[in-house]
**Student:** 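Below is one structure. I have some questions about it.
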Amino acid sequence: MRTMSFDETIEDVLAQTMADDPRIILFGEDVQLFQANLYTQFGGRRIRDTPISEGAFLGAAITAAMAGMRPVVEVSLVDFLGVAMDALLNQASKLETFSGGKWKAPFVLRTTCGGGLGGGGQHQQSLWGWLSHIPGLTVVVPSTPADAGGLLFSALQHDGPVIYMTHKLFTDFWVENLGYLGRKTVDFDLPLAGMRGTVPEKWEPIPFGQAAIKRSGVDLTIISVGVGVHRTLEAAVMLEEEGIDTCVIDLRTVSPMDTAAICEAVSSTGRLLVVDEDYQGFGLSGELAAIILEAGINANYGRVCTEKTIPYSRELEAQTLPNKERIVEGAIELMDRS
Amino acid sequence: MEPDLWYLYRHMFRSRLFEQVVQVFWEQGLISFDMHMGYGEEAIAAGIVCQMVDGDAMALDHRGTPPLLMRGIEPTLILRELMGRPDGLCGGLGGHMHLYSREHLCASSGIVGSSGPAGAGFALAAQYLRPGTLAIAFFGEGAINQGMLLESMNLAVAWQLPLLFVCKDDKWSISTRSASVTGGELVERARGFGLHTVEVDGADVEAVWHSAGEAMKRTRDGGGPTFLHAHCVHLEGHHLGFFLFRVGRDQIKEMIPLLGPLLRSATRRKGGSSRERIRSLTDIATRPRDAVKEQTQKEKDPLYRTRQKLISDRDRLEALEAEINVEIQDVMEVALED
């Protein structure tokens, strides 16, 4: 086993797969300097800076993939996908169906998501639920370096479009370049256990749609993804002191979802709390409730999500994004119901 | 008509001093995220905003402080907003990239290029509801390849909207040289849409005042939209704590931790040719140095340039600066009050 940071993991997998597969090229805004090591190794033909034209370069990735390449496209923040949604909503997601199953576009869209750096409501959204709503897209949200590597390895072998989302708080690069920015006068609640960790000596693909049981428990199941997993694990320690034994599940991929693992875990505890940094309405948390209902599982249900536009104020931001206090409160409330 | 240079300098100096307070607060950690400064844009803002009248509207990018101050918005409200205070301009909910003033018809956005459509809508309302008024859309040259901005240019011409497109061109799209990702000449491109065009030295406030004044008069009289291409610098780079500037200003300290990984990448077995690798390394080494060198030239600083024109009346100049100093000191103290 080796120890790596989240950023190093992604770079390591990209470097290895790009060395083995010349069809992979990487492009996006500022990638030559943001990915300076890959730019050094592979040069400007394979690591390309783009204009700020997400609609054009994301759309181009799809047909480049259809014509034999394996593009990795980087859009700095998921919020910026708003200007390029046609590529995902009407093109990439539809291709396989429209071609009668004969044509697929194997590309990876890498982007960052999530909040906690005081960046307000236009640079810190999660949006994995919004993206997963569209049939035909795979949406991956790793929460540890090992998962980040294994899932990226799978994404680069997958035969269709994959949206690979990295929470900003996991990466030293974004925490530094949007948070600290050379200052020592600001503090962030960083999910340290997700920023650095052991990874396999040799990368193996982690299949999509396979959740990870992070902690077993008999009283309550909490399902989360991304930084929420780490907030939940911290909350689980506090809940233990209250005598509540919590099972924690990390979905790892939002679409496809590991329905079997979800149903099994919720059946055994009879209680489900969803911790989702994405918006509460019409999203992942509601989808999980639907899965449980459809499976005929009788369970008490609650959720701790982002309920509104993320405020700029650091104090209000901390209250708006799911935090461990809100998770503990939600769990106790759920326990008290039955 | 000739501009009142003293009046314009007053606004520019006030903006500069105010932003210096913003910088101190940001360094102290009182302001979060990547704070984008208007340092270097003051002549463009003053030359245009000082000619706006009641009912005119502004669509701003993520660098809105100078135009808002010059439009007459209370500086304490802006500063408190940047601090995320509930008594800020937008209740601390928007933050520095999302400053709004309904009574002044000013709206900002952190999405590159979005001031194009925003400006078009403001201009439509001006044409329809308040004939004789107009809208200004501010953006950088990095936005010039964003589809929605180009679409707005066409819309503005097709509908003959009273809109002034102001492109503040510092030649850098974050860490990417804009020329490397942009085809053709911007003024020619704008002309292709049927826009009136004018190119101006954005550090020369009198030149900006004259060209903007003509364009604004023309559009108020129903003569249609104009594209104003103003060249400028950003004295602190893309934002405070900008990594390209940190490296460019202190290459030895900032480059040392990057060197190991870069050299390892340069010598990895598979990848680009040695020529490509050398080209990448050279590019990585020169971009920070060039960015700092180009952006911090004294003669490109609009404050310096304007002050030189007024320095012959030193007493008046110093009295003016002292007066504004007192005002901004007071703003700073009031902003910090509970």
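Quantities reported herein were computed from a predicted structural model and do not represent experimental measurements. Sequence lines set the chain letters: A, B, ... in the order given, protein chains first and strands last, and positions in each chain run from 1. As a basis for the values below, the full set of heavy atoms in this structure was taken, side chains included, without hydrogen atoms, waters or symmetry mates.
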**Student:** Can you label the angle between the A:Y312 ring and the B:H96 ring as parallel, tilted or perpendicular, going by 30° and 60°?
**Tutor:** perpendicular
**Student:** Give the member of B:P288, B:G147, B:S178, B:G94 that has the highest number of heavy-atom pairs under 4.5 Å with chain A.
**Tutor:** B:G94
**Student:** Considering non-hydrogen atoms only, spot the tightest contact between B:G84 and A:S313 and give its length.
**Tutor:** O-CB, 3.2 Å
**Student:** Identify the heavy atoms of A:P311 and B:L93 that sit nearest to each other, and give their distance.
**Tutor:** CB-CD2, 3.6 Å
**Student:** What part of A:R48 gets closer than 4.5 Å to chain B, counting heavy atoms only: side chain, backbone, both or neither?
**Tutor:** neither
**Student:** Quick one: closest heavy-atom pair of A:V83 and B:M148, and the distance?
**Tutor:** CG1-CE, 3.2 Å
**Student:** By a 4.5 Å heavy-atom criterion (distance strictly below it), what part of A:R314 contacts chain B: side chain, backbone, both, or neither?
**Tutor:** side chain
**Student:** So what's closer than 4.5 Å to chain A heavy atoms on B:T267: side chain, backbone, both or neither?
**Tutor:** neither
**Student:** If you count heavy-atom pairs under 4.5 Å with chain B, which of A:R46, A:E11, A:E176, A:M18 comes out on top?
**Tutor:** A:E176
**Student:** Would you give the length of the straight line joining atom CG of A:L181 to atom CZ of B:F33, rounded to the nearest 0.5 angstrom?
**Tutor:** 8.5 Å
**Student:** Let me confirm one number: the CZ-CG distance from B:R268 to A:L38, rounded to the nearest 0.5 Å.
**Tutor:** 8.0 Å
**Student:** Using a 4.5 angstrom heavy-atom cutoff, name the option from B:E27, B:R279, B:H98 with the most pairs to chain A.
**Tutor:** B:H98
**Student:** With chain A, which of B:A143, B:A266, B:G91, B:G95 has the greatest number of heavy-atom pairs at distances under 4.5 Å?
**Tutor:** B:G95
**Student:** Does any heavy atom of chain B fall under 4.5 Å from the side chain of A:A84, the backbone, both, or neither of them?
**Tutor:** neither
**Student:** Looking only at heavy atoms and a cut-off of under 4.5 Å, which of A:G120, A:A36, A:G44, A:G119 has the most pairs with chain B?
**Tutor:** A:G119
**Student:** For chain A, which residues of residues 243-258 of chain B have at least one non-hydrogen atom nearer than 4.5 Å to it?
**Tutor:** B:F243, B:L244, B:R246
**Student:** Tell me the closest heavy-atom pair linking A:G43 and B:E276, and the distance in Å.
**Tutor:** CA-CB, 4.2 Å
**Student:** If you tally heavy-atom pairs under 4.5 Å against chain A, which of B:S265, B:G241, B:G113, B:G88 wins?
**Tutor:** B:S265
**Student:** With a 4.5 angstrom heavy-atom cut-off, which part of A:Q124 approaches chain B: side chain, backbone, both or neither?
**Tutor:** side chain
**Student:** Go through it in stages, so that I can follow the logic: the residues are A:Q32 and B:R287, the test is side chain to side chain contact (heavy atoms under 4.5 Å, CB included), and I'd like the CA-CA distance, side-chain angles, deciding distance and then a yes or no.
**Tutor:** CA-CA 11 Å; A:Q32 291 184 336; B:R287 273 198 230 184; 2.6 Å; yes
**Student:** Atom CG in A:N177, atom CD1 in B:I174: separation rounded to 0.5 Å?
**Tutor:** 10.0 Å
**Student:** A:E54 versus chain B, heavy atoms under 4.5 Å apart: side chain, backbone, both or neither?
**Tutor:** both
**Student:** Please report the shortest heavy-atom distance between B:R277 and A:T40, naming the atom on each side.
**Tutor:** CG-O, 3.1 Å
**Student:** For atom CD of B:Q28, decide whether the heavy atoms of other residues, nucleotides or ligands shown that lie under 6.0 angstrom number more than 12.
**Tutor:** yes
**Student:** Should B:D34 and A:L178 be marked as a side chain to side chain contact (heavy atoms under 4.5 Å, CB included) after you check the CA-CA gap, both sets of side-chain angles, and the distance that decides it?
**Tutor:** CA-CA 5 Å; B:D34 55 344; A:L178 288 176; 3.7 Å; yes
**Student:** Kindly say whether B:K270 contributes a backbone atom to a donor-acceptor pair with the side chain of A:Q41 at under 3.5 angstrom?
**Tutor:** yes
**Student:** Would you indicate whether A:K308, at its atom NZ, is surrounded by more than 12 heavy atoms from other residues, nucleotides or ligands within a distance under 6.0 Å?
**Tutor:** no
**Student:** Which atoms form the tightest heavy-atom contact between B:S173 and A:D30, and what is the distance?
**Tutor:** O-OD1, 3.4 Å
**Student:** CD1 of A:I52 to CD1 of B:I111: how many Å apart, nearest 0.5 Å?
**Tutor:** 11.0 Å
**Student:** Examine whether an atom of A:L316 lies under 4.5 Å from a heavy atom of chain B, and if so say whether it belongs to the side chain, the backbone or both; otherwise answer neither.
**Tutor:** side chain
**Student:** So, the side chain of B:S280 versus the backbone of A:Y39: is there a donor-acceptor pair under 3.5 Å, distance only?
**Tutor:** yes
**Student:** Can you find a pair of side-chain heavy atoms, one from B:V181 and one from A:T50, that are under 4.5 Å apart?
**Tutor:** no
**Student:** Under 4.5 Å from any heavy atom of chain A, what part of B:S175 do you find: side chain, backbone, both or neither?
**Tutor:** both
**Student:** Taking atom CD of A:Q319 as the centre, report whether more than 12 heavy atoms of other residues, nucleotides or ligands fall under 6.0 Å from it.
**Tutor:** yes
**Student:** Please flag which part of B:M35 lies under 4.5 Å from any non-hydrogen atom of chain A: side chain, backbone, both or neither.
**Tutor:** neither
**Student:** Find the distance between CD (A:Q122) and CE (B:M97) and round it off to the nearest 0.5 Å.
**Tutor:** 7.5 Å
**Student:** Examine distances only and state if a side-chain atom of B:R269 and a backbone atom of A:A19 form a donor-acceptor pair shorter than 3.5 Å.
**Tutor:** no
**Student:** So which part of B:Q146 gets closer than 4.5 Å to some heavy atom of chain A, the side chain, the backbone, both or neither?
**Tutor:** both
